[in-house]
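The block underneath contains the structure these notes are about, expressed in structure tokens.
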Amino acid sequence: LTGTKYIPGSGGPNDYATIALAVADLNAVGVGAGGVTFEVAAGHTETGFNILLTTTTASAANPIVFIKTGAGANPLITAGVGTSTTVDAIIKIRGTDYVTFNGIDLLDPASNTTSTTRMEWGYAILMTSATDASQNITIVNCNITLQKVYSSASGIYSKNHTDANTTLITPSSAAGVVSNCTVDNCHISNVNYGVNWTGSSTAAYYGLNNYFGVTIPNTITNVGNTTAAAYGFYAQYQQNLKINNNTITLGGADVTTGALYGIYTGSTGATNTSAEFVGNNISLSAVGANSCYGIYNTSGASGTTNTVIISGNYITVSAPKFTSGTIYGIYNNAALWKFDMNSNMIYSCTVGDGTTTATGTFAGCYTFGSNTTPGGLWTFTGNLIDGITRAQSVKGSGTFYGIYNSSSALTLNITDNTVSNISMPGSGTAGCIYVSNSSATSMNLQNNSVTDVSKPGGINATPSSGTIYGLYVVSSGTNA
């Protein structure tokens with residue numbers, strides 16, 4: 001197939017009634033010189049699921065493009081009735097390269113009411129074999145709406161397996177790695193995972209150069225169900241990952257116990273990988289005993305040449321009915337070689353409203369990861385932790401840290417940060433800038449500001465206790 005085709009068209013030789021029929025023809029006859037573009041009319045609708053693209057004939061010179069044309073609503077594919085509890089998607093791309101879906105919306109309707117009939121994935125980017133994964137996939141300007149009541153609901157999904165089952169395949173060549181994919185200006189809602197993207201755990205074949213929101217921000221909203229952990233972005237085993245400029249909103253009154261992660265890179269981090277998490281706006285709303293993480297990074301462990309940048313993010317947490325748990329604006333436990341955590345704002349956070357116990361740890365930025373490779377440098381500059389308030393029904397525990405660090409690379413710089421307007425009643429310690437570092441051989445702390453930090457009393461006529469530290473520094477590192 002080459003040139004321009006039309007969906008639904010008017011029955012001519014270049015027309016297809018549906019996207020599903022166009023995909024079937026692509027699989028049957030492939031792509032010719034110069035590639036093929038399917039112009040899908042605004043307002044077009046169709047019903048289908050497991051629409052599977054498998055042709056291996058596309059290339060940089062011969063791409064496949066599905067694009068909305070004309071004024072009006074985006075074309076919409078509404079899912080049919082699913083048949084699997086593990087591998088149903090509306091659109092699947094398996095082993096095909098150089099594919100763009102531009103302005104093609106997906107919807108899993110409320111009429112699908114069971115784990116069998118609901119969709120696990122909206123768009124799924126998969127692999128055929130150890131030497132054939134989907135690469136150079138672009139998903140842009142799409143609205144994706146699934147059913148967050150289903151804990152597997154992932155707006156955009158990728159993992160190293162086929163479309164038929166979730167048995168993992170270990171890549172054996174670069175061609176077997178999902179790489180060079182882009183997601184921009186997508187609006188993903190009513191899901192439990194906005195983007196669920198996992199590469200191979202084999203270091204030589206981590207996912208590579210996958211970018212989300214770098215050119216045009218994505219919006220991920222209405223994420224999380226009653227009890228399962230919920231994720232804006234779940235991105236594990238990735239090299240040169242970029243999650244930038246996105247708006248992520250998680251939680252709400254119907255999320256009672258599940259942990260919330262704005263950006264999460266997995267419980268086991270990739271080794272010596274670089275990443276960027278820049279300019280994201282993350283809002284978490286917790287009820288009950290949730291734990292909340294704006295950005296949770298484990299990627300880049302055992303770093304020798306890598307750099308991770310967490311910069312310019314805005315993170316806020318609303319937890320008025322919080323009972324217990326942990327809340328971290330930014331959490332890093334990877335032993336990175338170079339780490340820049342700069343110009344982030346963790347602001348206007350509430351923990352309890354005076355009617356719940358509201359215990360547990362709150363930390364604006366919580367970092368550790370001992371790295372002794374020469375030349376390593378961690379820099380924390382220009383971060384603002386402001387307007388953090390805890391209110392307890394009875395005086396209880398509850399530690400606060402503005403910026404916390406217990407280990408790092410050999411050089412650690414903490415400069416020009418501000419911790420301000422903090423109200424932390426109860427018996428827990430308040431450490432505004434708290435450094436107990438066992439690995440750095442050189443530390444520089446200067447021009448940091450701590451203002452208006454208090455532990456108000458009077459909870460059931462019992463005064464607050466616990467120590468406030470403006471700047472706490474202890475080091476056992478050599479010559480630190």
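Note that the numbering runs from 1 along the sequence shown for the chain.
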Output yes when a side-chain donor or acceptor of [X] lies under 3.5 Å from a complementary backbone atom of [Y], and no otherwise.
| X | Y | answer |
| --- | --- | --- |
| T117 | T114 | yes |
| Q239 | N209 | no |
| E276 | I309 | no |
| N225 | A228 | yes |
| D88 | F49 | no |
| N240 | S274 | no |
| Q135 | A174 | yes |
| N210 | V178 | yes |
| T273 | G300 | yes |
| T202 | A204 | no |

Side chains of [X] and [Y]: is there a donor and an acceptor less than 3.5 Å apart?
| X | Y | answer |
| --- | --- | --- |
| N244 | N280 | no |
| N136 | D97 | no |
| T379 | T381 | no |
| T326 | S291 | yes |
| N413 | T415 | no |
| N160 | T170 | no |
| Y211 | N180 | no |
| N27 | T55 | no |
| S59 | N62 | yes |
| N190 | Q147 | no |
| S311 | S343 | no |

- Task: Apply salt bridge (Lys or Arg N to Asp or Glu O under 4.0 Å) to K5 and list each qualifying residue two or more places apart in sequence or on a separate chain.
- Result: none

Return the set of residues passing ring-ring contact (aromatic ring centres under 6.0 Å, His included) with [X] (not counting sequence neighbours), or none when no residue passes.
| X | value |
| --- | --- |
| F400 | none |
| F380 | F339 |
| W337 | none |
| F101 | F66, Y123 |

With sequence neighbours left out, what residues match [X] under side-chain contact (heavy atoms from CB on, under 4.5 Å)?
| X | value |
| --- | --- |
| L52 | T54, K92, R94, D163 |
| V177 | P171, S179, Y205 |
| T47 | T78 |
| N344 | I310, N313, I330, M341, I346, N383 |

- Do the ring planes of Y237 and Y206 sit parallel (below 30°), tilted (30 to 60°) or perpendicular (above 60°)? parallel

- Please work out whether the ring planes of Y366 and Y328 are parallel, tilted or perpendicular, with thresholds of 30° and 60°. perpendicular

- Message: So, applying ring-ring contact (aromatic ring centres under 6.0 Å, His included) with Y331, which one of Y264, F362, Y401, Y296 is it?
- Response: Y296

- Message: Quick test of your reading: applying ring-ring contact (aromatic ring centres under 6.0 Å, His included), list the pairs with at least one residue in residues 152-177, sequence neighbours left out, ordered by first then second residue.
- Response: W121-Y157, W121-H161, Y157-H161

- Provide the full list of ring-ring contact (aromatic ring centres under 6.0 Å, His included) pairs with a residue in residues 166-187, sequence neighbours left out, each pair given once. none

- Message: What verdict does the side chain to side chain contact (heavy atoms under 4.5 Å, CB included) test give for I433 and V419, after you've listed the backbone C-alpha separation in whole Å, the side-chain angles of each residue and the deciding distance to 0.1 Å?
- Response: CA-CA 8 Å; I433 298 176; V419 180; 4.2 Å; yes

- Which value, rounded to the nearest 0.5 Å, describes the distance between Y404 atom OH and N437 atom CG? 10.0 Å

- Query: Roughly how far, to the nearest 0.5 Å, is CD1 of I263 from CD1 of I315?
  - Reply: 7.5 Å

- Task: Kindly determine whether T219 and I188 satisfy side chain to side chain contact (heavy atoms under 4.5 Å, CB included), including the steps that lead there.
- Result: CA-CA 6 Å; T219 301; I188 303 172; over 6 Å; no

- Query: Partners of N102 by side-chain hydrogen bond (donor to acceptor under 3.5 Å, both in side chains), sequence neighbours excluded?
  - Reply: N141

- Item | Worked verdict on K338 versus V308 for side chain to side chain contact (heavy atoms under 4.5 Å, CB included) | CA-CA 6 Å; K338 291 190 176 179; V308 169; over 6 Å; no

- Any chance OH of Y314 has more than 12 other-residue heavy atoms, nucleotides or ligands included, within less than 6.0 Å? no

